[in-house]
2 protein chains.
Amino acid sequence: MNLNKAWGILKENGFKETTKRNQILEIFEGDERYLTARDILDVMQKDYPSMSYDTVYRNLATFVSLDILEATELSGEKHFRMHCESDHHHHHFICMDCGKIKEIPLCPMDLLGAALPAYEIDNHKFEIYGKCPECK
Amino acid sequence: MNLNKAWGILKENGFKETTKRNQILEIFEGDERYLTARDILDVMQKDYPSMSYDTVYRNLATFVSLDILEATELSGEKHFRMHCESDHHHHHFICMDCGKIKEIPLCPMDLLGAALPAYEIDNHKFEIYGKCPECK
DNA sequence: TTTCCAATAAGAATGATTACGATTTACTTT
DNA sequence: AAAGTAAATCGTAATCATTCTTATTGGAAA
């Protein structure tokens, strides 16, 4: 996901182009790690000392709802990153040192198939945690 | 996991037998759902109006560290339940309505095998969320 | 340019969790 | 059984992430 595509989605859905919104997206475009709301605020406040948490959280929620960002909960805190470009469903290895991810092309749900008849499956989470080759 | 086994582990590790601790364990023994710290406190305060959060959280952390309870984070809150009896590694389907679980006997990590060479894998999470047959 | 409504700022509120000094309790030793 | 000791608990306050509220600002349409 890049800035242009993100703005396309936002415009399609009637969201206004604001400087704050743009800078939040720029931060994510330039960082492949999972970031917290605080991470974003810290960067933003260098340029906008009056930046508020509310603006960060509100926009992060907007971006996630439009599939511009993807979110996961790591050690009790919500983390965000640009939504993957790859069009097919996949999962992530997450480096707990640097926060970078590696795509895992397969999904365990494929194998489960009809292993859970009578169950309504709404969602699933599969994540692998550890250290990437660079951090090891 | 039952009360006796839990107390065996606790005694082995030098923990004292207290009434509060015992009642927390009894609650988990009698409930197969994932419960929050608040759930525990609410039940306990009927018998012990002075019960404090500190006691709940401290004991939950103790129990998890001794593998008496297992924990997971559901919609931003830590949830706990008795550690499964089954000796082999498995995962869970979790009903988001009633909180009950169903064991999934297979683990996606088996398939990944050597798909992540050079990566240090410390941990993984695989959970399926939805509605169980009773709640559907 | 003016107007309208979304977007933001500022700060208070909330909810979960942790921390801490004072007190009580369980277990050990006498 | 009584006393000693360290663990466990209480009561309360602090902290952290997140959300809410109200007034103000800013983007874009008329």
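Using the six-membered ring where Trp is involved, A:His91 and A:His89 have ring planes that are perpendicular, over 60° apart on the 30 and 60° scheme.
Remark: the A:Thr72 side chain and the A:Lys125 side chain contain an N/O donor-acceptor pair separated by less than 3.5 Å. Checked by atom type, the side-chain pair A:Thr19/A:Asn22 shows no donor-acceptor distance below 3.5 Å.
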* To do: Go through the steps for B:Gln23 and B:Asp47 under the test side chain to side chain donor-acceptor pair (under 3.5 Å), then give the verdict.
  => CA-CA 10 Å; B:Gln23 188 169 354; B:Asp47 293 338; 2.7 Å; yes

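At whole-Å resolution of the value, CE in A:Met51 and P in C:dA7 are 13 Å apart. As a whole-Å value, the separation of A:Tyr53 OH from D:dT15 C1' is 12 Å. Here C:dG15 presents its P atom at 16 Å from NE2 of B:His79, a figure rounded to the nearest Å. With rounding to whole Å, B:Tyr48 atom OH is found 14 Å from D:dG11 atom P. For the pair A:Leu25 CG and C:dA7 C1', the computed distance is 15 Å after rounding to whole Å. Taking atom CG on B:Asp39 and atom P on C:dT17, their separation rounds to 11 Å, with Å as the unit. Between B:Asn13 atom CG and D:dA8 atom P there is a gap of 11 Å when expressed in whole angstrom units. Look at NZ on B:Lys11: it is 12 Å from P on D:dA8, rounded to the nearest Å.
Proximity of A:Arg21 to the phosphate of C:dA7: a side-chain N or O atom is located under 4.0 Å from OP1 or OP2. Distances shown here put a side-chain N or O of B:Lys20 below 4.0 Å from the OP1 or OP2 atom of D:dC10. An OP1 or OP2 oxygen of D:dG11 is reached within less than 4.0 angstrom by no side-chain nitrogen or oxygen of B:Ser52. Proximity of A:Lys78 to the phosphate of D:dT19: a side-chain N or O atom is located under 4.0 Å from OP1 or OP2. Between A:Thr18 and C:dT8, a side-chain N or O to OP1/OP2 separation shorter than 4.0 Å is present. Between B:Ser50 and the phosphate of D:dG11, there is a side-chain N or O to OP1/OP2 separation shorter than 4.0 Å. Side-chain N/O atoms of A:Tyr57 include one lying less than 4.0 angstrom from OP1 or OP2 on D:dT18. Between B:Arg58 and C:dT18, a side-chain N or O to OP1/OP2 separation shorter than 4.0 Å is absent.
A residue-by-residue look at A:Lys16 and A:Glu77 shows that A:Glu77 has its nearest nucleotide of DNA chain D further toward the 5' end. In terms of position on DNA chain C, the residue among A:Thr55 and B:Asp54 whose nearest nucleotide sits closer to the 5' end is A:Thr55.
Using a 4.0 Å heavy-atom cutoff across all strands shown, A:Asn59 reaches sugar-phosphate atoms only and no base atom.
Contacts classified as salt bridge (charged side-chain N to carboxylate O under 4.0 Å, His left out) and involving residues 51-72 of chain B (residues at least two apart or in different chains) are given here: B:Asp54-B:Arg58, B:Glu70-B:Arg81.
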